[in-house]
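Below is one structure, written out as structure tokens, with a few remarks after it.
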Amino acid sequence: MASRLDSARGSIARAIQAWLQSRDIDVDEDRVDVGVPSEEGHGDLTSSICLKIGKTVRQAPRQLAEDMVPELTRQLQNLVTHIEAAGPGFLNFTLSTPWLAEVVNDIRAQGINYGHSTWGNGERVLIEFVSANPTGPLVIVSGRAAAVGDTLARIFRVNGFVTDREFYVNNAGNQIIKFGQAIYLRIRELEGAKIDPWPEGIYPGEYVIDIAREYLEHNPNWVPQEPDDGLYALLGQFGAEHLRRVQEEILRRFGVEFESWIYEKDLRDQGAPEAIIERLEALGWVKEEGGAKWFVSTRFGDDKDRVLVKSDGSYTYFVPDAAYHAGKFERGYDRVIDLLGPDHHGYVGRMQALVQALGFPADRLEIMIIQLVRLVRNNEVVRMSKRGGQFVSLEQLIEEVGVDPARYFFLERAPNTPMDFDLGLAELKSNENPVYYIQYAAARIHSVLRQWRQSHQDAFAWNPTLLSEPLERRLLFILARYPDVVKRAAIDRAPQYLPKYLTELAAAFHSFYRQHRILSEDPAMTMARVTLSEATLWVIRSGLGIMGISVPETM
RNA sequence: GCGCCCGUAGCUCAGUGGAUAGAGCGCCUGACUACGAAUCAGGAGGUCUGAGGUUCAAAUCCUCACGGGCGCACCA
């Protein structure tokens, strides 16, 4: 169902088109733009069509706009109360307030589904995110990726896409061997051995001691033995699965759950790496040089060709990952989105080359880089050293500031810009913290509705023409814009549109609330304002819901 | 050296080729004996890094320069 604003834009665009045709001016439909102006005072909707075509029809845009006003006014009289030619040739449209007020009924009818749409048309989207190595605790940037990925998935869903969230577990390969080695050494320590010095590059983190202890508990028959890679791999995989479960639990606490977990080791066991190499060879995209096998990714715009099989016969990291990504398409996803850390952006070229080599259009794989997060307190960067006892993990961040503020802060910024996370601000449980500003609006509405229900038994039909105060109208218009925001967030992959919009909505409600009494002696007015408030609550619920942030009834 | 991201108010950041560039924090002034003051009303604060270009119109697109971050392995 088209949103109220969509239908207004459509009617206006058609009226303009008809006017132009009646003057024998031929303009492509999509050049007739009708949009929300960037600032108030320029009408509710605006079109710059006269500026665009002025030159080709050899008329001053402003004059053209003025010529159009009378006919458009007649055509659109049920929808628009005022049209003016403005500035250098804009057409500004002011929508009828009662017509706009009907948005409240739209919201009532659709409830939590208001703003949702079907334009995704069932397209299947896979979003892979976090995919942290299971060899340590989740760090802060994983939290950002988790919040963004989870929210994007919901944004796609409410726009009619079928969306799955996936976590890829790198539980095979060199890192796991090294991790296993660390666990082995910790086991030896628990048995009384002294490891000094600790070998270079072998996970020194103390959390490995817990894993060693855990392993001994699960394997009471452990006997000290001469270590080899087989043993290291065994221990490494044990540790990886242990940490993966811990990560899963923390992510769940953070409000993020995945439809699927894919294990690198499973892919290797199934022979997926061999299969992808054969496939690329069969397609002619593999060359041999210096005893190694190379993927000729430069054919598809990559900077350099990439090694698949090293001269010692082992695979590079790229091979299982390529197999994994090929599998995503085989599983039937129309669109695959990866959220990667900033340290992986050298990886984008080869992955996109792979997609094309396999015969898919490059744009079916989108890679979004989630930029670094710096923690800041009192204008000072918090060093995230493992030594200093400062926070390093997502778990500690959640404990320190809470899930809602953490998610809000991560979602507030464009994902691909580095961000400073202001701990001082996030910790504030009061007026300075923007997430509470929105939640407070919801709590206020809940409070009003509670009181209204206590004093009035029955709802009755409300009268949209009663909502005519400027602050009411402002609120109505913002409510009407919500479907635009939801759709735009999907198109631009921009979760940050939601917190921005919700802040604006909450501000409009707070202003309205301070200025006008909702529960009054006038039953009709009370009914109208209660209904408006309820509609506002639905939209806050919807928006915060998409962001994975709670909507408290009291604070 | 090559590639990617970024440069907007004191700070952190929004900004879909459109008109007078916005928000939060911080700062200043005011508002609670009716629904929640975690709120509201108002104010100060800008060479959108710089220079060219495209366009009726540029923070936005293009080129170059400057500044910051990151990536450029037979590592993962």
task = Using atom types as modelled and distance alone, determine if a side-chain donor or acceptor of Asp338(A) lies under 3.5 Å from a backbone N or O of Ile367(A).
result = no
query = If only side-chain N and O atoms of Tyr436(A) are considered, is one of them under 4.0 Å from the OP1 or OP2 phosphate oxygen of G24(B)?
reply = no
request  = Check whether any side-chain N or O of Asn174(A) sits under 4.0 Å from OP1 or OP2 of A76(B), and answer yes or no.
outcome  = yes
ask   = Does Ala443(A) or Asp305(A) map to a spot on RNA chain B nearer the 5' end, using the closest nucleotide for each?
value = Ala443(A)
query = A76(B) phosphate, OP1 or OP2: any side-chain N/O from Asn133(A) under 4.0 angstrom?
reply = no
query = In dot-bracket, 5' to 3', how would RNA chain B read with Watson-Crick or G-U wobble pairs under 3.5 Å, [ ] for crossing ones and | for pairs to another strand?
reply = (((((((..((((....[...)))).(((((.......))))).....(((((..]....))))))))))))....
ask   = Checking all strands, does Ser511(A) fall into the base, sugar-phosphate, or nothing category for heavy-atom contacts under 4.0 angstrom?
value = sugar-phosphate
request  = Check whether any side-chain heavy atom of Met419(A) lies under 4.5 Å from a side-chain heavy atom of Arg144(A), and answer yes or no.
outcome  = yes
task = Check whether any side-chain nitrogen or oxygen of Gln496(A) sits under 4.0 Å from OP1 or OP2 of G15(B), and answer yes or no.
result = yes
message = So, OP1 or OP2 of A37(B): does either fall under 4.0 Å of a side-chain N or O from Arg444(A)?
response = yes
inquiry  = Is there a side-chain contact between Lys310(A) and the phosphate of A76(B), meaning an N or O under 4.0 Å from OP1 or OP2?
reply    = yes
remark   = Contact check, residues 313-326 of chain A vs RNA chain B, heavy-atom distance under 4.0 Å, returns Thr316(A), Tyr317(A)
request  = Assess whether side chain to side chain donor-acceptor pair (under 3.5 Å) is satisfied between Ser314(A) and Asp312(A), documenting all intermediate values.
outcome  = CA-CA 6 Å; Ser314(A) 63; Asp312(A) 68 1; 2.7 Å; yes
pair Thr554(A)-Ser447(A): side-chain heavy atoms closer than 4.5 Å = no
inquiry  = What contact category does Pro342(A) fall into here, base, sugar-phosphate, or nothing, at under 4.0 angstrom with non-hydrogen atoms?
reply    = sugar-phosphate
Quiz item: His345(A) side-chain donor-acceptor pair to G3(B) base, under 3.5 Å = yes
request  = If a protein heavy atom is under 4.0 Å from the base, mark B; if only from the sugar-phosphate, S; if neither, -; do that for nucleotides 16-23 of chain B going 5' to 3'.
outcome  = S-BBS-S-
Arg244(A) to Trp261(A), cation-pi by 6.0 Å centre distance and 45° axis angle = yes
Short side-chain N/O contact from Gln451(A) to OP1 or OP2 of G36(B), under 4.0 Å = yes
task = Mind running ring-ring contact (aromatic ring centres under 6.0 Å, His included) on His510(A) and Tyr440(A) for me, showing each step along the way?
result = CA-CA 9 Å; His510(A) 286 311; Tyr440(A) 184 57; 5.6 Å; yes
task = For Phe421(A), report the nucleic acid contact type (base, sugar-phosphate, nothing); a contact means any heavy atom under 4.0 Å.
result = nothing
